[in-house]
Amino acid sequence: MTENPATPPADAGGDPHGIALNRAFDARRELVYEAWTTPEHFAYWFGGELAVPVERMTMDVRPGGVWSLVMRTPDGGELPFSGVYREVAAPELLEFTLKDAFAPDGIEGEIVRVTLTDLGGRTEMAFRQLGGNLTGEQYRQAEAGWAGFFDRLAELLARA
């Protein structure tokens, strides 16, 4: 597995207003896609070390389908996330919206686009999160969070 952070979009002051990460996994593209679209697999890696109970998840993986989940924090708190699938082309592309409980009302949320490229038994994943709804610092924190999630995804794929 390798990780090559791409340059995320930035504003005139240099603060990011999105996330761009590329990562290669030692797994077939179909397995990586399944890890993004199967509740049991997604619950394992999304959230990193935080628990994501499968019974608190929904995934209707089709254009217009809704997804939602709740992460549990160590102190018993809950962090809900949700969105809508915008584009689905198995096993190469997913695009969906992403909102958390802190997102302002009336916005669609961030747009997440995951492109999976077959490398002959390995998979290159290009991850993009755009929307401009977060501050530069929030994007930096979110990027670190996604990087940790993708470490867990790599662990899951290594066991497959």
Side-chain angles (χ1 to χ4, degrees), residues 1-9 16 18-63 65-100 109-131 134 137-160:
M1 173 194 66
T2 60
E3 182 174 356
N4 300 307
T7 303
I19 299 169
L21 293 170
N22 292 339
R23 190 173 275 205
F25 295 103
D26 292 323
R28 292 180 303 107
R29 180 169 67 169
E30 292 77 13
L31 289 176
V32 179
Y33 183 84
E34 287 176 19
W36 276 93
T37 58
T38 304
E40 294 78 14
H41 297 317
F42 195 77
Y44 175 81
W45 66 266
F46 187 88
E49 298 299 319
L50 297 180
V52 178
V54 174
E55 66 274 7
R56 301 284 306 272
M57 282 186 74
T58 61
M59 295 181 95
D60 183 7
V61 185
R62 62 181 174 83
V66 173
W67 70 273
S68 66
L69 62 81
V70 174
M71 283 194 285
R72 290 199 180 131
T73 62
D75 64 0
E78 294 187 342
L79 302 170
F81 289 85
S82 64
V84 175
Y85 291 98
R86 294 166 46 123
E87 192 173 349
V88 176
E92 63 192 59
L93 177 68
L94 284 172
E95 183 175 286
F96 55 90
T97 60
L98 169 67
K99 286 178 72 169
D100 65 18
E110 297 286 298
I111 306 298
V112 171
R113 186 172 183 89
V114 179
T115 306
L116 303 173
T117 303
D118 185 351
L119 300 177
R122 300 183 73 230
T123 303
E124 176 76 23
M125 180 183 74
F127 173 88
R128 305 294 180 263
Q129 178 179 327
L130 302 171
L134 306 177
E137 181 57 30
Q138 288 171 320
Y139 276 118
R140 283 187 279 278
Q141 291 172 355
E143 182 173 344
W146 280 112
F149 295 175
F150 297 155
D151 288 345
R152 294 268 297 185
L153 174 56
E155 290 173 19
L156 176 69
L157 294 168
R159 295 193 323 243

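Because only heavy atoms are used, hydrogens play no part in the values below, and waters and symmetry mates are left out as well, while side chains stay in.
To the nearest 0.5 Å, atoms CD1 (I19) and CZ (R140) are separated by 11.0 Å. Atom OG1 in T123 sits 9.0 Å away from atom CG in D26 (nearest 0.5 Å). For the atom pair M71 CE and M57 CE, the distance stands at 11.0 Å (nearest 0.5 Å). Expressed to the nearest 0.5 Å, how far CG of L69 lies from CD of E55 amounts to 12.0 Å. Separating the CD atom in E143 from the CD atom in Q138 is a distance of 14.0 Å, to the nearest 0.5 Å. Within the model, atoms CZ of F25 and CZ of F150 stand 6.5 Å from one another, a figure rounded to the nearest 0.5 Å.
In this view, T117 satisfies the side-chain hydrogen bond (donor to acceptor under 3.5 Å, both in side chains) rule with no residue, not counting sequence neighbours. Legend: residues meeting side-chain hydrogen bond (donor to acceptor under 3.5 Å, both in side chains) with R28, ordered by chain and number and at least two apart, are E30. Every residue two or more places apart in sequence or in another chain that forms a side chain to side chain contact (heavy atoms under 4.5 Å, CB included) with S68 is listed here: T58, S82. Q141 meets the side chain to side chain contact (heavy atoms under 4.5 Å, CB included) test with E137; sequence neighbours excluded.
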Identify every side-chain donor-acceptor pair in residues 39-51 under 3.5 Å, counting partners at least two apart or on other chains, and give the distances.
from: Y44; atom 1: OH; to: E155; atom 2: OE1; distance (Å): 3.1
from: Y44; atom 1: OH; to: R159; atom 2: NH1; distance (Å): 3.2
from: W45; atom 1: NE1; to: A35; atom 2: O; distance (Å): 2.8

Counting only pairs under 3.5 Å, give me each side-chain donor-acceptor contact of residues 92-99, with atom names and distances, residues two or more places apart or in other chains.
from: E95; atom 1: OE1; to: R113; atom 2: NH1; distance (Å): 2.6
from: E95; atom 1: OE2; to: R86; atom 2: NE; distance (Å): 2.9
from: E95; atom 1: OE2; to: R86; atom 2: NH2; distance (Å): 3.4
from: T97; atom 1: OG1; to: V84; atom 2: N; distance (Å): 2.7
from: K99; atom 1: NZ; to: I107; atom 2: O; distance (Å): 3.0

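The pair R56-E78 counts as a salt bridge, with a side-chain nitrogen and a carboxylate oxygen less than 4.0 angstrom apart.
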Quick one, N22 with F127, criterion side-chain contact (heavy atoms from CB on, under 4.5 Å). Give me CA distance, side-chain angles, the key distance, then yes/no.
CA-CA 6 Å; N22 292 339; F127 173 88; over 6 Å; no
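Within the 4.5 Å cutoff, no side-chain heavy atoms of M59 are placed close to those of W36.
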